[in-house]
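Remember, it's 1-based here, ligands and their atoms both numbered in the order they're listed. Keep in mind that this is a model prediction, so the values were computed, not measured.
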Amino acid sequence: MTARSSLTIVLAAGEGTRMRSGLPKVLHPVAGQPMLAHVLAAAPKGERDALAVVIGPDHAAVAEATKRLRPDAGIFVQRERLGTAHAVLAARDAIARGADDLLVVFGDTPLISAETFARLRVPLQQGAALAVLGFRAADPTGYGRLLVEGGRLKAIREHADASAEERTITLCNAGVMAFDGRKALQLIEKIGCANAKAEYYLVDAVAIARQSGLEAVVIETSEDEVRGINTKAQLAEAESVMQARLRKAALEAGVTMIAPDTVYLAADTRFGSDVTIEPFVVIGPGVSISDGAVIHSFSHIVQASIGKNASVGPYARLRPGTSLGDGARIGNFVETKAATLEAGVKVNHLSYIGDAHVGANANVGAGTITCNYDGFAKHRTEIGEGAFIGTNSSLVAPVKIGAGAYVGSGSVITKDVPDDALAVERSPQTNREGGAKRYRELKTKAKPSKG
Ligand code: UD1
Ligand code: MG
């Protein structure tokens with residue numbers, strides 16, 4: 001890698017009106033993360049690499065997201081939206097610190113890769129003043145056209161200013177530019193606004209560099225990598241490109257997917273070895289799946305960690321804060337939230353386990369509900385190691401079921417149950433009590449040593 005220092009400026013001051021949304025454009029998610037997060041992740045991030053994000057005057061949410069994602073980033077506000085060159089100059093103080101390479105990228109191109117930034121920096125090491133990322137557009141309408149003469153980049157012409165002949169050019173400006181950091185400011189400051197939109201266009205730096213006898217070059221990439229997002233339709237297209245990338249990477253890493261096109265992943269999903277994901281699974285942000293785990297069809301998982309050889313679904317919903325131990329089994333129509341289920345726990349059918357800790361090897365019967373909410377606050381449920389919760393029980397939190405305890409089916413438990421106790425609460429006098437006793441007898445027989 002290069003030993004040169006860099007400053008990456010991310011332009012994100014645009015209104016994004018075509019998204020028709022109250023959310024600032026760069027915060028719309030792709031694969032579970034804001035577009036901006038993808039761009040920031042691709043930007044150089046070594047010790048000598050700085051970052052600046054240019055935001056609009058009412059973009060407090062973008063500033064917050066930036067601080068969370070990259071606390072080291074400088075945040076600059078562009079008060080008036082007078083064009084891309086004007087936006088870059090909002091970060092003048094950062095530019096003036098004089099990095100070797102100045103990189104400019106738009107906040108709405110989430111598919112850009114770190115390799116492309118590295119490729120753009122190579123010509124600068126070789127003496128070019130400016131490198132522009134170009135691509136062959138299937139439909140170039142709206143893009144700036146790259147005017148190349150004798151293999152050298154001469155100028156960039158915005159669509160609105162282009163002649164009919166220039167509009168036939170399909171080699172377009174992707175919007176990412178790399179400048180020699182020592183020459184950048186003097187080039188950008190010379191940019192005027194004599195064009196169809198009366199905006200200060202960053203692309204004019206190319207013609208200015210050439211007039212000053214400096215060299216500008218084009219580095220080409222694929223259209224998929226530089227899709228700019230202006231509309232919800234383009235957001236959906238970017239999502240599908242990103243999903244294809246994530247599925248390919250997962251398959252290459254050894255994940256088994258029977259129908260990968262039906263599986264949705266997040267950019268930060270982590271897999272162990274020999275993981276299997278059945279068709280129609282949705283994985284949101286913050287999920288890790290350990291070795292040998294199987295995710296059955298129609299499961300929905302967000303911010304959860306899944307232990308080795310665990311089994312989830314079909315039709316399971318793991319919500320944020322779920323942690324499954326090794327070999328745990330979550331069956332159909334089970335929902336979990338802020339719950340730790342230790343190794344070997346079984347919750348096989350139709351349950352809600354929220355704000356709970358379930359000890360190793362406990363068995364939670366069908367229809368068990370942790371009643372965590374009293375209309376005012378959330379309360380915790382503790383289920384001890386090896387406990388057995390009979391079907392259709394309501395555990396009214398805060399409540400603690402002791403290790404090895406047995407709760408008869410249909411119970412509504414409102415008081416703590418001591419270790420190894422039998423609890424049958426508010427159940428009619430049915431054979432449930434008998435069932436509890438029988439269970440205890442069988443358990444004693446199976447393990448005579450345990451009293
Ligand atoms: C821009 C390029 C065009 C290129 C295309 C690729 C310029 C002048 N044109 O056109 O050559 O083919 O992208 O998608 O650079 N922004 C600000 N402040 C401003 C203006 C823009 O922060 O005052 C930001 C926007 O938020 C956006 C980016 O700069 O992230 C690009 O602006 P946009 O208006 O989308 O430029 P395009 O017309 O798409
Ligand atoms: Mg654009």
Side-chain angles (χ1 to χ4, degrees), residues 8-19 23-28 34-36 38-40 52-59 62-63 66 75-92 103-112 116 130 132-147 153 155-162 166-167 169-177 179 187-188 191-208 216 218 220-221 223-231 233-235 237-238:
T8 303
I9 301 182
V10 181
L11 301 190
E15 301 284 344
T17 38
R18 283 172 286 168
M19 295 296 275
L23 189 68
K25 177 159 83 171
V26 296
L27 297 186
H28 284 266
M35 282 188 228
L36 181 65
H38 292 282
V39 178
L40 297 183
V53 179
V54 178
I55 64 173
D58 40 71
H59 278 170
V62 182
T66 303
I75 296 169
F76 298 87
V77 178
Q78 185 194 21
R79 304 221 171 267
E80 280 175 294
R81 203 175 174 286
L82 301 179
T84 45
H86 181 258
V88 167
L89 289 176
R92 181 195 299 267
L103 301 159
V104 180
V105 58
F106 299 158
D108 63 358
T109 52
L111 301 167
I112 192 85
T116 295
L130 179 48
V132 174
L133 189 64
F135 69 103
R136 304 272 167 189
D139 173 12
T141 311
Y143 287 114
R145 307 301 206 282
L146 301 186
L147 311 187
L153 183 61
I156 303 179
R157 189 83 73 236
E158 286 304 287
H159 183 86
D161 302 300
E166 286 167 343
R167 285 184 182 182
I169 297 170
T170 57
L171 183 60
C172 292
N173 174 25
V176 188
M177 288 180 151
F179 293 82
L187 292 177
I188 299 169
I191 293 172
C193 60
N195 52 56
K197 288 190 187 164
E199 280 190 13
Y200 295 87
Y201 287 159
L202 186 63
V203 298
D204 288 349
V206 173
I208 292 169
V218 184
E220 275 192 55
T221 192
E223 183 161 17
D224 268 348
E225 203 194 340
V226 293
R227 284 170 188 276
I229 313 299
N230 297 311
T231 64
Q234 289 169 334
L235 182 67
E237 282 167 21

In ligand 1, the atoms that come under 4.0 Å of a heavy atom of G83 are 19 (C), 20 (C), 23 (O)
Atom 26 (O) of ligand 1 protein-contacted, heavy-atom criterion under 4.0 angstrom
yes
When you check the gap from the basic side-chain N to the acidic O, do R145 and E166 get nearer than 4.0 Å?
no
Nearest-option assignment for atom 15 (O) of ligand 1, heavy atoms, candidates I229, T109, T84, L202
T84
Within ligand 1, which atoms have a heavy atom of V203 less than 4.0 Å away?
7 (C), 11 (O), 15 (O)
Ligand 1-proximal atoms of V226, by part, heavy-atom distance under 4.0 Å:
neither
Does the residue G228 have a heavy-atom contact with ligand 1, meaning some pair of atoms that are separated by less than 4.0 Å?
no
N/O to N/O below 3.5 Å, does that happen between V54 and ligand 1?
no
Part of Q78 within contact of ligand 1 (heavy atoms, under 4.0 Å):
side chain
Is H28 reaching over with its side chain to a backbone N or O of L23, donor-acceptor style, under 3.5 angstrom?
yes
For E158, is the nearest heavy atom under 4.0 Å from an atom of ligand 1?
yes
Regarding atom 14 (O) of ligand 1: of the candidates Y143, F135, Y200, which has the closest heavy atom?
Y143
Minimum-distance protein heavy atom relative to atom 30 (O) of ligand 1
L11 O, 3.2 Å
Output the list of atoms in ligand 1 that are nearer than 4.0 Å to some heavy atom of G144, sorted by atom number.
3 (C), 4 (C), 11 (O), 12 (O)
Closer than 4.0 angstrom: is that true for some heavy atom of C172 and an atom of ligand 1?
no
Just let me know how A87 lines up against ligand 1, side chain, backbone, both or neither, with a heavy-atom cut-off below 4.0 Å.
side chain
R227/E237 salt bridge by N-O under 4.0 Å criterion
yes
